[in-house]
Amino acid sequence: MIKLFPSKQVQEYLDEIHFTFTDFEKATLIWNNHLTTKEEKLIALKEMMNSTKDEMLKKQIYERLDYEQKVYVDFMDDADDEYVYSIENSLGFARCKKAKDAIEYCLKLSNAELEKVTIVKHEAKDLFHIDEEDIVARADFNEKKELCIYSKKYDKDWRIVDDWKRFEQHYVYIPNEFQRGTILRNVRTNEYAVLEEDNEQIRAFIERAKTKGWDLHFYEVMPKGYVLRDGIWYLSFINVTEQEVAILPKENSSKSYALEAMSDYVWYTRKVKEGKLTSYPDQTVVKATKEYAYSLTKQTDKIIRAKTIEDLIVDTI
């Protein structure tokens with residue numbers, strides 16, 4: 001069975017407070033686990049479908065398994081010369097008669113290129129001009145370099161499995177002990193972030209959503225935080241299933257300084273809002289973040305011209 005939580009710290013905390021999840025919530029956590037392959041997820045979901053007493057979940061998992069199988073078979077079907085597979089990327093165009101050849105071509109690209117690539121299966125009318133009406137299927141690649149397929153033939157099925165109320169996208173409340181201002185490390189990506197929201201704020205948001213009748217997405221109940229990348233702070237939803245309290249990197253003191261400065265900034269801003277303090281170290285964060293960027297030789301215009309912390313934040317939410 002797939003581990004529901006890549007983070008050992010989060011799992012240990014949930015065990016400590018004896019917190020449990022429904023089968024529906026477990027299915028959601030399996031589907032949104034980025035450390036596992038799609039094949040592993042589908043196997044785990046099939047096992048759950050065979051064991052759960054939740055009839056709605058059984059139906060939804062069956063629909064997902066059926067959909068994945070049908071679109072894969074449809075995309076890979078290249079038995080005749082009616083269709084061709086086209087790939088467009090920054091290096092140019094490629095045309096393949098066989099699905100396997102198109103996939104192999106893409107997998108030779110760099111990870112950065114692969115993220116941008118789409119394989120288009122279309123009617124072989126005009127190899128240099130593709131009309132939307134000629135496209136029968138598309139495939140992108142996920143972070144595990146696995147196909148994510150859409151087929152026009154099964155558009156009705158896609159609309160069923162893409163519903164926010166289903167297990168794939170539904171929210172799951174995950175208690176955690178991380179406090180606002182905590183410096184976290186993602187165990188999958190090794191990225192560092194400073195938490196902007198704590199567990200209490202997430203619970204309050206969920207309760208408000210219930211009273212308003214909002215349908216919440218999986219990531220919408222994750223706390224917001226600032227992820228540090230190359231001297232820029234990205235305000236993002238922080239997937240707590242992958243987080244642990246960070247041990248600051250000793251090999252990069254400027255990075256640690258920037259993280260500590262942002263942690264202090266987040267802590268101070270709450271105290272200011274509570275009326276307990278009248279100022280916060282905005283310029284300390286700017287100075288520390290710039291020094292970190294310069295240490296990486298990431299001297300972009302955005303960083304050089306930054307005067308306030310807002311100049312160094314990109315809101316991705």
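Bear in mind the structure is a predicted one, so any value in this text is a computation, not a measurement. Nothing fancy with the numbering, it's 1 onward along the sequence. The basis for the numbers below is simple: all heavy atoms, side chains too, and nothing from hydrogens, waters or symmetry mates.
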Without hydrogens or angle criteria, can the side chains of [X] and [Y] be said to hold a donor-acceptor pair below 3.5 Å?
{"X": "E242", "Y": "N186", "result": "yes"}
{"X": "Q11", "Y": "D15", "result": "yes"}
{"X": "K145", "Y": "N111", "result": "yes"}
{"X": "T118", "Y": "R138", "result": "no"}
{"X": "E143", "Y": "H34", "result": "yes"}
{"X": "E310", "Y": "T308", "result": "yes"}

Which residues satisfy the salt bridge (Lys or Arg N to Asp or Glu O under 4.0 Å) test with [X], sequence neighbours excluded?
{"X": "D301", "result": "none"}
{"X": "E207", "result": "K210"}
{"X": "R305", "result": "none"}

Parallel, tilted or perpendicular, as decided by the 30° and 60° cut-offs, for the rings of F24 and H170:
perpendicular
More than 12 heavy atoms from other groups under 6.0 Å of [atom1] on [X]:
{"X": "K38", "atom1": "NZ", "answer": "yes"}
{"X": "K144", "atom1": "NZ", "answer": "yes"}
{"X": "K152", "atom1": "NZ", "answer": "yes"}
{"X": "R229", "atom1": "CZ", "answer": "yes"}
{"X": "I247", "atom1": "CD1", "answer": "no"}

Ionic contact status for [Y] with [X], cut-off 4.0 Å:
{"X": "D74", "Y": "K70", "result": "no"}
{"X": "R64", "Y": "E168", "result": "yes"}
{"X": "E55", "Y": "K59", "result": "no"}
{"X": "D155", "Y": "R159", "result": "yes"}
{"X": "K8", "Y": "E244", "result": "no"}

Using side chain to side chain donor-acceptor pair (under 3.5 Å) as the criterion, list what pairs up with N239, not counting sequence neighbours.
T241
Using the side chain to side chain donor-acceptor pair (under 3.5 Å) criterion, which residues pair with D81? Sequence neighbours excluded.
none
Backbone N/O of [Y] and side chain of [X]: donor-acceptor pair under 3.5 Å:
{"X": "K97", "Y": "D78", "answer": "no"}
{"X": "K58", "Y": "M49", "answer": "yes"}
{"X": "T52", "Y": "D54", "answer": "yes"}
{"X": "E196", "Y": "V266", "answer": "no"}
{"X": "T289", "Y": "V286", "answer": "no"}
{"X": "S263", "Y": "G181", "answer": "yes"}
{"X": "D311", "Y": "K307", "answer": "yes"}
{"X": "K41", "Y": "N33", "answer": "yes"}
{"X": "K165", "Y": "D215", "answer": "no"}
{"X": "Q201", "Y": "D198", "answer": "yes"}

Quick one, L114 with C106, criterion side-chain contact (heavy atoms from CB on, under 4.5 Å). Give me CA distance, side-chain angles, the key distance, then yes/no.
CA-CA 7 Å; L114 193 62; C106 291; 3.9 Å; yes
Who are the ring-ring contact (aromatic ring centres under 6.0 Å, His included) partners of F5, not counting sequence neighbours?
F21
Which residues pass the ring-ring contact (aromatic ring centres under 6.0 Å, His included) test with Y13, not counting sequence neighbours?
none
Sequence neighbours left out, what passes side-chain contact (heavy atoms from CB on, under 4.5 Å) with I160? Give chain and number order.
E63, R166
Would E191 and R185 count as a salt bridge (Lys or Arg N to Asp or Glu O under 4.0 Å) here? Give the steps.
CA-CA 6 Å; E191 288 187 319; R185 184 183 74 87; over 6 Å; no
Taking only residues at least two apart or on different chains, which pairs with a member in [range] satisfy ring pair (Phe, Tyr, Trp, His ring centres under 6.0 Å)?
{"range": "residues 171-196", "value": "none"}
{"range": "residues 39-75", "value": "F75-Y85"}
{"range": "residues 215-244", "value": "W164-H217"}

Who clusters with V187? Use side-chain heavy atoms, under 4.5 angstrom, across I, L, V, M, F, W and Y, and order the result by chain and number.
none
Taking it one step at a time, do E123 and Y83 satisfy side-chain contact (heavy atoms from CB on, under 4.5 Å)?
CA-CA 4 Å; E123 295 181 18; Y83 301 105; 3.7 Å; yes
Residues L195, I183; criterion side-chain contact (heavy atoms from CB on, under 4.5 Å); working and verdict:
CA-CA 7 Å; L195 208 59; I183 302 173; over 6 Å; no
